[in-house]
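To start, the structure itself, in structure tokens.
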Amino acid sequence: MPEKTYDHNEIELKWHERWAAEPALYQAEENSSKPKYYVLEMLPYPSGALHIGHIRNYSIGDALARYMWMRGYNVLHPMGWDAFGLPAENAAIQNKRPPREWTLSNIEKMKRTHRRFAFSYDWDREVTTCEPDYYRWNQWFFLRMLEKGLAYRKQALVNWCNLCATVLANEQVVDGCCWRHESTPVEQRALDQWFLRTTAYADELLQDIGLLEGTWPDRVLTMQRNWIGKSEGAEVDFQIEGYGPVRVFTTRIDTIYGATCMILAPGHDLVSTLGDEAKAAAKRMIDAAAQQGPGDVEKEGFDTGLKAVNPFSGERVPVWVGNFVLMGYGTGAIMAVPAHDQRDFEFCRKYGIRILPVIRPADGEIPNVDAMQEASGEYGIVENSGPYSGMTSEKARAEMAAFAEQQGFGKTAVTFRIKDWGVSRQRYWGTPIPVIHCEKCGVVPVPDDQLPVVLPRQIQITGKGRSPLDEVPEFVNVDCPRCGGPARRETDTMDTFVDSSWYFYRYCDAKNSNAPFDKAKIDYWFPIDQYIGGVEHAILHLIYSRFWTKMMRDIGLITNAEPVRKLFTQGMVLANGMKMSKSKGNVVDAIGVAESHGADTARLFALFAAPPERDMDWTETGVEGIHRFLGRVYRFATRNIGMPGGDGSADTKILRKLHQVLRRITQDFDQRWHFNTSIAAMMELVNEAYLEEQNLSAAAMQQTIEILTFLLAPFAPYLAQELWEEQGKTGAVFKQPWPAFNEEMARETEVEIPVQVNGKIRSRLTVAAGLDKAGLEQAALADEKVQALIAGKTVVKVIAVPDKLLNIVVK
RNA sequence: GCCCGGGUGGCGAAAUCGGCAGACGCAACGGACUUAAAAUCCGUUAUCCGGCAACGGGUGUGCGGGUUCAAUUCCCGCCCCGGGCACCA
């Protein structure tokens with residue numbers, strides 16, 4: 001055949017059209033005898049356009065999906081839209097476009113891009129989280145959790161901007177101020193809000209990290225462990241004169257004789273019983289804490305004038321309020337042991353509170369208070385501690401906790417850093433929380449048969465008020481389902497992390513209108529075999545998803561304990577060395593690259609520029625290099641298909657290379673996922689094929705072209721399919737069996753062995769592959785250069801590694 | 001401060017189990033083709049020293065030590081860059 005020029009648009013648009021007419025191409029089989037494989041990429045937020053960061057994520061998943069098809073698996077590869085969220089509301093305020101309309105048109109546009117890139121999604125299973133057929137199940141789950149006590153309501157602080165007169169999401173708070181009013185500090189207001197009891201699963205979420213070891217990245221597991229933050233210690237009551245007991249949590253009950261004051265969080269219940277001045281000071285601390293970013297903050301506090309009694313020593317100590325004591329952790333109150341805790345030390349030094357050391361190192365003296373520069377947090381021997389003096393810290397911890405429990409003023413206790421999940425959002429564009437507030441009956445769940453509670457579509461979003469839904473009387477005013485009297489609908493909507501906590505289950509049964517999904521389908525497809533996404537979701541999304549799975553298991557919907565067997569976190573994409581961002585204006589749009597260089601080129605480059613777990617740099621010249629490579633492949637194949645061929649003198653050589661490359665790429669898929677080296681290997685093969693083009697027999701040439709087509713199939717689907725057709729074949733190339741490599745054919749017959757003398761390379765020998773140690777040694781010692789170098793010296797040792805190297809040690 | 005990554009040519013990177021450092025690509029340079037250019041094809045390209053040259057010798061994977069016949073790879077101590085967490089009692 002005559003050589004053809006590589007015109008990516010011609011090839012890609014042709015197949016794009018043909019594939020559009022084949023809806024079953026990427027569908028998973030319903031009753032398959034093949035083993036299943038569920039590969040999933042994180043669903044995108046429909047912001048309006050796919051960028052190359054998305055393309056990288058999907059190119060990894062798509063290569064894997066296609067490879068697994070070729071390996072004979074029944075592959076489930078779905079995609080959907082994380083379609084609720086704040087940007088749609090902002091767009092509504094700015095362009096007066098309804099959020100749903102804006103969102104759906106974005107989805108339409110992005111889906112076209114997805115198709116242009118030929119990602120192999122089963123669009124029949126598409127999930128769009130902002131549509132009632134999806135979010136009704138959010139509501140259904142919420143009601144189940146309400147029944148089980150896993151959903152509950154309590155007061156919590158929200159960010160409030162006085163100028164906007166509205167609640168701000170955390171991401172709308174910039175440097176402690178409102179994003180639209182940069183000089184207006186955000187205030188903290190207490191509102192009744194809905195929470196999911198993730199803490200009920202804290203222990204199991206921590207325990208089951210063990211199940212993920214080896215298949216999830218270690219750093220993700222570490223981050224989750226830290227996030228859950230289990231800490232074991234004790235709770236102890238201190239009696240406060242004129243108030244009652246206040247409970248503290250401590251991991252160091254062994255230091256309790258050194259407690260020289262008690263410090264309360266500014267939000268602690270006791271503070272509300274204090275005078276106006278103290279309450280105002282505490283409020284200032286709370287607002288200041290919300291405004292400060294991360295970093296070192298000066299410790300502040302004030303004396304309440306109250307005294308607390310240490311239940312162990314009987315000593316009376318002052319009660320303070322301190323800005324560094326967190327209400328959301330432990331009991332919101334601590335005993336300060338300045339001698340043995342750095343934070344307490346800094347606080348007490350600043351305010352002149354007594355410092356009393358009670359621990360000495362096992363082999364040292366108790367610290368001298370006047371010389372102390374910092375607290376000593378180490379375990380040691382307990383001193384000045386009544387009957388516990390002389391014990392090790394470990395022993396004292398156990399005995400003191402037991403004593404407290406026996407006396408009824410304390411107990412051993414475990415505290416978690418992870419908090420219950422606040423799911424209330426004072427927003428429009430989210431799942432309505434399905435409850436009704438009745439004056440007579442209180443909080444009444446919406447009955448299941450009245451789901452979904454549909455989000456009203458005709459609504460003015462003003463950006464003011466407690467919540468946009470508050471302004472919609474048709475939505476708010478309802479009859480109480482229990483007593484029939486007038487009642488108000490809940491106007492908070494759910495956090496969008498709810499949507500993404502279970503969407504991958506819905507893919508298995510996306511059109512079910514009677515249940516979130518059918519259990520048998522979950523049993524077949526779950527767990528997800530491979531989940532691929534950005535590391536930025538290592539904590540929240542993936543912990544919530546794990547929580548949701550355990551919750552669904554406990555209400556009998558599923559049997560698996562974990563949703564995801566293997567997790568892969570890919571690196572970021574930089575544009576010319578810089579992080580892509582809208583503000584810098586350097587976001588590389590995916591569809592533009594597809595038009596200028598082709599989808600195949602973009603996909604291949606996304607995998608070639610760096611190993612997938614690392615950050616990669618997107619450069620125009622690099623993209624062009626890949627485009628050149630694909631052109632080389634295409635021209636080579638088209639001009640050689642069906643040609644008579646040469647004398648075959650290079651057949652052995654090219655077939656050896658072919659099998660070496662095949663082995664390399666197969667291993668890259670099965671073990672390492674370093675697709676950059678897979679692609680480099682294909683380039684090596686093509687380079688060699690160019691050099692030997694005239695010396696290949698027709699049979700070797702056709703085999704080279706065919707296998708190269710298979711190798712390209714997971715990475716460059718358009719070109720691979722086109723070459724498949726050029727070779728006169730029919731059917732989808734990615735449904736053909738992946739070729740097996742032949743170890744025999746991949747083996748080199750001759751190898752070059754570097755010969756070292758005292759570790760420096762002095763000569764090279766070409767020997768038969770597999771030559772043993774003795775043979776190598778003999779060949780090396782016969783070498784002229786080697787002989788010259790070792791002449792007159794004593795050979796101490798000869799290290800021979802067959803097929804690798806030989807080292808002669810002389811003196 | 002704590003916990004992870006990472007540091008290799010002009011650049012992105014490779015070296016999979018301790019065995020030839022720099023595969024592959026980019027950029028640059030040279031050659032072929034062309035009236036010319038683009039495209040394409042073929043080469044050269046870590047660095048220093050000696051040589052007209054073939055070639056020979058030295059140095060080199062952030063820095064300093066160590067183990068080893070042999071270290072980008074293992075161990076100890078530092079430096080720098082990126083990310084996460086950040087008063088969690």
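Here is the naming used below: chain letters follow the sequence lines, and residue numbers restart at 1 for every chain.
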* Between Tyr690(A) and C41(B), is there a side-chain N or O to OP1/OP2 distance below 4.0 Å? ->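 Answer yes for this pair, as a side-chain N or O of Tyr690(A) is under 4.0 Å from OP1 or OP2.
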
Whether the side chain of [X] engages the backbone of [Y] through a donor-acceptor N/O pair (distance < 3.5 Å, no angle test) should be reported.
X: Asn676(A); Y: Leu607(A); result: no
X: Thr260(A); Y: Ile355(A); result: no
X: Thr250(A); Y: Arg252(A); result: yes
X: Asp668(A); Y: Ser678(A); result: yes

* Would Arg247(A) count as a cation-pi partner of Phe238(A), with NZ or CZ less than 6.0 Å from the six-membered ring centre and within 45° of the ring normal? -> no

* Tell me whether the guanidinium CZ or amine NZ of Arg628(A) lies under 6.0 angstrom from the six-membered ring centre of Tyr634(A) and within 45° of its axis. =>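 No, cation not above the ring by the 6.0 Å, 45° rule.
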
* **Intra- and interstrand pairs of RNA chain B - dot-bracket, Watson-Crick/G-U under 3.5 Å, | marks other strand** => (((((((..(((......[....))).(((((.......))))).(((((....)))))..(((((..]....))))))))))))....

* Asked: Contact class for Val325(A) vs. all strands (heavy atom < 4.0 Å): base, sugar-phosphate, or nothing?
  -> base

* May I ask you to say what Gly625(A) touches in the nucleic acid, namely base, sugar-phosphate or nothing, with a heavy-atom cut-off under 4.0 Å? => sugar-phosphate

* Asked: Salt-bridged, Glu213(A) to Lys566(A), with N to O below 4.0 Å?
  -> no

Expressed as a whole number of angstroms, how long is the span from [X]:[atom1] to [N]:[atom2]?
X: Asn687(A); N: G25(B); atom1: CG; atom2: C1'; result: 10 Å
X: Phe636(A); N: U40(B); atom1: CZ; atom2: C1'; result: 15 Å
X: Arg628(A); N: A27(B); atom1: CZ; atom2: C1'; result: 10 Å
X: Met616(A); N: G25(B); atom1: CE; atom2: C1'; result: 12 Å
X: Leu607(A); N: G12(B); atom1: CG; atom2: C1'; result: 15 Å

* Structure fact -> Its contact letters, B for base, S for sugar-phosphate only and - for none at protein heavy atoms under 4.0 Å, make nucleotides 14-21 of chain B read SSB--BBS

